[in-house]
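Predicted model, so just to flag it, every value in this text is computed and none were measured. Scope of the values below: all heavy atoms of this structure, side chains included, with no hydrogens, waters or symmetry mates.
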Amino acid sequence: MINHSQRAWLGAIVLMLLPLQAAQAQVQDNSSRATLTVTGRAQDGFLDAPPQDIIPGTRVIFEITGEPFQPVVLAVGTAREPGVPLSTYGLLNLQNYTIVLNGLDLGGPGRFAWTGADGTLSLVAALSVDTPLDTEFTFQAAVGTDGPEGMILSAPERLRVRLARMAYLANEESSWTELYGNSTFGTSHVKFHEDLDDNESVSAYAWSPDGSMVAYIADQNYDTLNELFVSDGNSLNNRKVSGNLIVKGSVTDFQWSPDSSMLAYRADQDADEDYELYVAQADGSGSIKVSGSLAGFGDVEEFSWSPDSARIAYRADADSDGVFEMYAAWADGSGQVKISGTMPSGGSANSGQPVWSLDSTTVIYLASEFTAYKPEVIGAFASGAGSWALNSTTISAIIEFQLAPDGSRVAYQGGVNTGNVQEAFACNLDGSGNVQISAPLVLYGDVIEMQWSPDSSSIAYLADQEFDGYFELYVEDADAPTGAVKINGFLAPSGNVTDFGWSPDSSRLAYRADQYVNEVYELFTSMADGTSNTLINGPLITGGDVYDFLWSPATDLLRLAYRSDEDPDSGAELYCSDPEGLTQARLNDTASYLGSSNYRWDPSGVWCAFQDQGNNLMVNDRTGKEQHQLDIPGGNWIMSFAWSPIE
């Protein structure tokens with residue numbers, strides 16, 4: 001039985017609890033299925049209903065009734081005791097359920113996905129019915145688990161629903177490029193701005209982190225004068241946010257602040273060809289220069305926001321033309337400070353976007369700051385209080401670094417002083433704890449790529465570690481290396497691993513390699529300890545290959561989308577597979593092939609968007625059974641597309 005505290009707390013990001021009335025619960029069990037219906041509203045976070053047992057393994061029916069609503073991503077919170085990890089209760093039986101909306105059977109596994117966040121569990125359901133957002137309806141649902149006591153999922157009457165939307169650039173109505181948007185199901189097509197005149201075009205765009213707005217660069221007001229605009233997802237509240245540009249001035253690039261309230265942008269707004277850094281309010285209420293005074297011919301190059309949206313770090317030759325250093329400023333334009341140390345003759349901050357520590361106190365970058373022409377990984381306080389080298393002093397020719405996802409450590413690639421061999425290392429942000437990640441390499445061997453695991457515990461790297469010129473995939477502990485584990489299987493003569501990627505739960509890696517037949521590249525997965533090496537793709541046609549792949553972001557139901565030649569048609573197809581290669585579903589229509597490698601999972605990991613051979617923008621669920629067209633049928637060329645975040 002479930003005790004009162006275990007079923008009391010409803011932890012869901014998108015649920016809004018309302019004050020309550022009595023609730024009732026009942027179980028129907030006919031040995032093959034069980035339905036637990038919860039009606040009414042929760043009171044003070046508690047369900048006013050007796051606990052019920054559901055036999056693990058029985059089929060669970062989710063009953064949803066109420067007014068029709070738009071296709072949405074629906075999240076349902078998990079009843080659990082506050083502060084107790086979800087793993088304490090065991091795993092939900094996710095293989096045996098059905099969802100019914102207003103009496104319509106919407107199916108079960110495959111149509112819907114589960115995602116976990118911060119100890120809660122959410123049911124993500126793409127429901128194909130029409131209606132407005134933020135509607136009120138009765139959600140009658142519950143599920144048993146195979147945990148020791150079972151748990152109850154439930155929801156109040158009012159649910160705030162969020163729709164994953166699509167933005168895309170296309171010349172659908174004319175020969176110039178405009179910005180459009182649509183719902184996951186292609187039912188609410190809009191243009192994000194007013195109609196553009198001849199030869200005016202949108203050149204770049206990005207969703208705000210909260211998914212509510214789209215910013216874009218366009219010569220919308222004056223031909224060839226590229227300015228920065230923000231749209232709320234339609235053409236009705238479209239506003240210019242950049243300041244007034246001089247003749248021939250232009251906004252070249254921009255970034256949203258993490259809190260979605262501001263945008264930093266680079267422009268020659270005040271003087272032609274003098275590129276400076278500005279911050280604009282997303283509501284269009286004003287903009288301000290934050291980069292201060294620059295030396296003659298000085299320019300701001302790369303820049304990035306601090307995670308707390310308070311500061312911006314930027315690379316510029318502000319003090320001496322051609323000598324690039326690192327700076328920081330507050331978002332209100334105050335407190336400009338050089339954070340890099342005094343550069344030696346020949347010293348400079350390398351090209352590349354500065355990286356912030358997660359606590360917004362430190363900026364990390366590559367620079368020849370202590371020795372001329374010797375790039376090192378540098379950490380600097382955003383306040384300007386000092387900088388230091390993170391890497392070991394015996395390492396030189398550093399070409400790349402990566403901050404761990406949890407912000408705890410930095411991985412970097414560099415060579416020892418005795419040669420130009422590239423190896424992988426890791427250290428703490430203060431420069432302590434330097435360890436070598438890659439194992440000893442064969443003569444002339446190199447590490448050519450590395451990636452942190454999403455949980456920051458391990459680093460995978462690609463290297464010709466055992467035989468010069470033959471690249472294989474390895475994993476090593478990021479804190480205390482004990483000997484790298486080879487991930488790929490035994491390769492065919494002259495075989496190589498070409499590229500790889502971690503699963504979102506850090507349990508596996510997927511990689512492409514000519515592992516079985518030389519020059520025939522296929523998709524494989526292995527566990528992070530090197531076991532369970534598995535071929536993912538189906539049989540390839542003669543001359544066929546797997547060209548690329550992409551993990552779904554869902555951590556609870558792992559899936560891979562990949563592009564390959566498996567059918568005897570005139571081009572590559574898009575497939576979705578489980579990580580064991582047991583089931584492959586074709587996502588693009590069997591009458592077409594995939595025209596490009598441009599495909600993207602939505603944030604929930606339920607839907608995959610892609611461009612087919614006719615350059616139509618399509619979306620399909622991961623079972624391959626629910627295909628929709630997102631662009632205007634018969635439209636013209638699509639340049640790019642991007643899913644909105646769901647916060």
Quiz item: Taking only residues two or more places apart in sequence or in another chain, which ones pass side chain to side chain contact (heavy atoms under 4.5 Å, CB included) with Tyr470?
Solution: Phe467, Ser494, Asn496
Quiz item: Side chains of Leu366 and Phe401: closer than 4.5 Å at any heavy-atom pair?
Solution: yes
Quiz item: Which word best sums up how the rings of Phe524 and Tyr516 line up, parallel for under 30°, tilted for 30 to 60°, or perpendicular for over 60°?
Solution: perpendicular
Practice problem: Return yes if a side-chain donor-acceptor contact under 3.5 Å exists between Tyr511 and Thr498, otherwise no. | Solution: no
Exercise. Using modelled atom types only, decide if a donor and an acceptor are shared between the side chain of Gln584 and the backbone of Ile536 within a distance under 3.5 Å.
Key: yes
Quiz prompt | Pairs involving residues 347-357, ordered by first then second residue, that meet salt bridge (charged side-chain N to carboxylate O under 4.0 Å, His left out) (sequence neighbours left out) | solution = none
Quiz item: Okay, side chain of Arg315, backbone of Asn350: is any donor-acceptor separation there less than 3.5 Å?
Solution: yes
Self-check item: Separation of Glu376 CD from Ser387 OG (nearest 0.5 Å)
Solution: 10.5 Å
Practice problem: Please examine the side chains of Ser304 and Glu302, heavy atoms only from C-beta on, and report whether any two atoms are closer than 4.5 Å. | Solution: no
Practice problem: List for me each residue that meets side-chain hydrogen bond (donor to acceptor under 3.5 Å, both in side chains) alongside Asp477, sequence neighbours excluded, and say none if there are none. | Solution: none
Quiz item: Listed by chain and number, what are the ring-ring contact (aromatic ring centres under 6.0 Å, His included) partners of Phe549, not counting sequence neighbours?
Solution: none
Quiz prompt | salt bridge (charged side-chain N to carboxylate O under 4.0 Å, His left out) partners of residues 573-586, not counting sequence neighbours, each pair once | solution = Arg508-Glu580, Asp567-Arg586, Asp569-Arg586
Exercise. Tell me, please, which residues at least two apart from Asn488 pass side-chain hydrogen bond (donor to acceptor under 3.5 Å, both in side chains).
Key: Glu472
Self-check item: Residues in side-chain hydrogen bond (donor to acceptor under 3.5 Å, both in side chains) contact with Ser368, at least two apart in sequence or another chain
Solution: none
Practice problem: Name all pairs fulfilling the salt bridge (charged side-chain N to carboxylate O under 4.0 Å, His left out) condition that reach into residues 451-469, sequence neighbours left out, sorted by first residue then second. | Solution: Glu466-Lys486
Quiz item: Who passes ring-ring contact (aromatic ring centres under 6.0 Å, His included) against Tyr547, sequence neighbours left out?
Solution: none
Exercise. List in chain and number order the residues that pass side chain to side chain contact (heavy atoms under 4.5 Å, CB included) with Ser456, two or more places apart in sequence or in another chain; answer none if no residue qualifies.
Key: Ala404, Pro405, Asp406
Quiz item: Any side-chain heavy atom of Val363 within less than 4.5 Å of one from Ser340?
Solution: no
Practice problem: For Phe381, enumerate each residue passing the ring-ring contact (aromatic ring centres under 6.0 Å, His included) test, keeping only those at least two apart in sequence or located in another chain. | Solution: Trp388
Quiz item: Gln255: what forms a side-chain hydrogen bond (donor to acceptor under 3.5 Å, both in side chains) with it, not counting sequence neighbours?
Solution: none
Exercise. Please check if any side-chain donor atom of Asn434 sits under 3.5 Å from a side-chain acceptor atom of Tyr412, or the reverse.
Key: yes
